[in-house]
J.: 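Pasting a structure here, questions to come.
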Amino acid sequence: MAKLFRAAIMGPPGSGKGTISKRIAQSFGLQYLSSGHYLRESIAANTEAGVLVKSYVERSMLVPDHVMTRLMLPRLKQLSGHSWLLDGFPRTLSQAQALNNLCQLDLVISLNIPYETLRERLSDRWVHPASGRVYNMGFNPPRVKGKDDVTGEPLIQHDDDKPEALMARLRHYKDVAKPVIDLYKSQGVLHSFSGTETDRIWPYINSLLNTKMHTQPSDACRTQTP
Ligand SMILES: Nc1nc2c(ncn2[C@@H]2O[C@H](COP(=O)(O)OP(=O)(O)O)[C@@H](O)[C@H]2O)c(=O)[nH]1
Ligand SMILES: Nc1ncnc2c1ncn2[C@@H]1O[C@H](COP(=O)(O)OP(=O)(O)O)[C@@H](O)[C@H]1O
């Protein structure tokens, strides 16, 4: 059986989860699943799930745990023969416990980035809503200002990336993430990285993954919920 590897990345909004996940997926061939992107995609496609979660996502409120697990766990079961990386899920202790019942993570990456850095980055973050591609006017600007590189469609800014919403989101992130981080610490799978530049953090994550992926294969996840 192929070696499988299951990881999650955690960090406040703007900490570089999406940017680093893209590098991990490219370098290590993991399937990447972003809860925020998945939810926005469902809303845009007006699926049953999309209708259900729309009011929460639009108000930057957490989607209730039972809804989130009902959406994410079946997706992960579909990926049961693959290595994957989760971004944005699990967000709460209850979500982490539900995920634990499906399978144990091999690695959780936690990003600690100073507030001022987050504020600067997010005030300059532009996204292509349909694909989830993310740009930053200084760090990774689009080839044509205001347009997505692949489709040429317009880029937008999320309202909740604006400074007035950011402080509240950050405080909320810390409260909710603490028990999740404690859980993964107690399981011995948590690795934290601090810094202000993704390019300086990346080599450490790269080297950690190189080591872990070649020494710690995991079993296949359960395909049936117990
Ligand atoms: N200036 C700067 N911007 C960065 C760096 N790393 C990521 N970004 C940008 O910061 C914003 C937030 O990054 P993102 O990966 O979307 O963070 P997430 O909210 O944790 O998924 C995006 O616009 C990125 O392009 C960095 O090292 N320096
Ligand atoms: N695991 C989750 N639990 C509850 N709600 C979630 C979860 N992941 C994403 N969401 C919802 O989707 C929105 C966007 O998520 P995301 O793209 O991760 O952005 P952010 O990191 O800015 O919160 C969140 O504000 C929330 O409404």
Side-chain angles (χ1 to χ4, degrees), residues 8-25 32-44 49-50 52-73 75-76 85-99 109-129 131-142 148-149 155-162 165-174 176-177 180 193-203 205:
I9 187 162
M10 300 182 61
S15 57
K17 299 182 295 293
T19 306
I20 289 171
S21 296
K22 207 169 128 190
R23 294 186 189 184
I24 293 176
Y32 170 53
L33 188 52
S34 148
S35 58
H37 180 56
Y38 177 47
L39 294 175
R40 282 190 288 271
E41 220 173 44
S42 309
I43 294 170
L52 195 63
V53 302
K54 189 168 189 243
S55 62
Y56 296 98
V57 175
E58 279 178 348
R59 286 178 289 158
S60 296
M61 286 171 63
L62 286 186
V63 173
D65 287 333
H66 68 281
V67 177
M68 242 10 248
T69 50
R70 219 176 66 213
L71 288 174
M72 295 298 286
L73 297 189
R75 286 280 298 226
L76 293 177
L85 169 68
L86 292 174
D87 168 3
F89 182 88
R91 194 92 136 217
T92 65
L93 185 57
S94 157
Q95 292 176 15
Q97 286 162 339
L99 176 61
I109 294 168
S110 169
L111 301 173
N112 299 319
I113 312 295
Y115 171 76
E116 192 51 30
T117 306
L118 300 175
R119 195 188 58 72
E120 277 169 20
R121 286 183 188 177
L122 291 183
S123 63
D124 237 5
R125 171 158 78 173
W126 289 80
V127 297
H128 176 240
S131 67
R133 275 184 288 278
V134 174
Y135 301 88
N136 178 283
M137 289 311 156
F139 180 65
N140 61 330
D148 177 49
D149 284 351
L155 302 177
I156 61 150
Q157 267 197 305
H158 289 309
D159 279 347
D160 57 11
D161 279 350
K162 298 188 177 142
L166 183 61
M167 189 55 116
R169 283 167 80 205
L170 220 57
R171 209 173 295 123
H172 188 237
Y173 168 79
K174 281 191 176 154
V176 175
V180 183
F193 297 88
S194 305
T196 56
E197 287 171 53
T198 296
D199 287 346
R200 294 179 77 110
I201 292 175
W202 169 243
I205 295 181

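First listed ligand is number 1; within each ligand, the first listed atom is number 1. The analysis underlying the following values was restricted to heavy atoms, covering all of them including side chains, and did not include hydrogens, waters or symmetry mates. In what follows, residues are counted from 1 in the order of the sequence shown.
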J.: Under 4.5 Å between any side-chain heavy atoms of Ile24 and Trp202, yes or no?
T.: yes

J.: Does Phe89 reach the side chain of Leu73, with side-chain heavy atoms less than 4.5 Å apart?
T.: yes

J.: Gln157 and Asp124: which non-hydrogen atoms are nearest, and at how many Å?
T.: NE2-N, 4.3 Å

J.: Listing by chain and number, which residues have a heavy atom under 4.0 Å from ligand 1?
T.: Pro12, Pro13, Gly14, Ser15, Gly16, Lys17, Gly18, Thr19, Arg121, Arg125, Val134, Tyr135, Asn136, Phe139, Asn140, Glu197, Thr198

J.: Using a strict cut-off of under 4.0 Å between a residue heavy atom and any atom of ligand 2, list the qualifying protein residues by chain and number.
T.: Pro13, Ser35, Gly36, Leu39, Arg40, Tyr56, Val57, Ser60, Met61, Leu62, Val63, Met68, Gly88, Phe89, Arg91, Gln95, Arg169

J.: Indicate the atoms forming the closest heavy-atom contact of His128 with Ser131, along with that distance.
T.: ND1-OG, 2.7 Å

J.: Between the side chain of Tyr32 and the main-chain N/O of Asp87, is any donor-acceptor distance below 3.5 Å?
T.: no

J.: Is it true that, when you exclude Arg200 itself, more than 12 heavy atoms of the residues, nucleotides or ligands shown sit nearer than 6.0 Å to its CZ?
T.: no

J.: Would you call Asp149-Arg133 a salt bridge at under 4.0 Å N-O?
T.: no

J.: Is the side chain of Tyr173 donor-acceptor paired with the backbone N or O of Gly11 at a distance under 3.5 Å, no angle test?
T.: yes

J.: For Ser42, is there any backbone N or O sitting under 3.5 Å from a side-chain donor or acceptor partner on Lys54?
T.: no

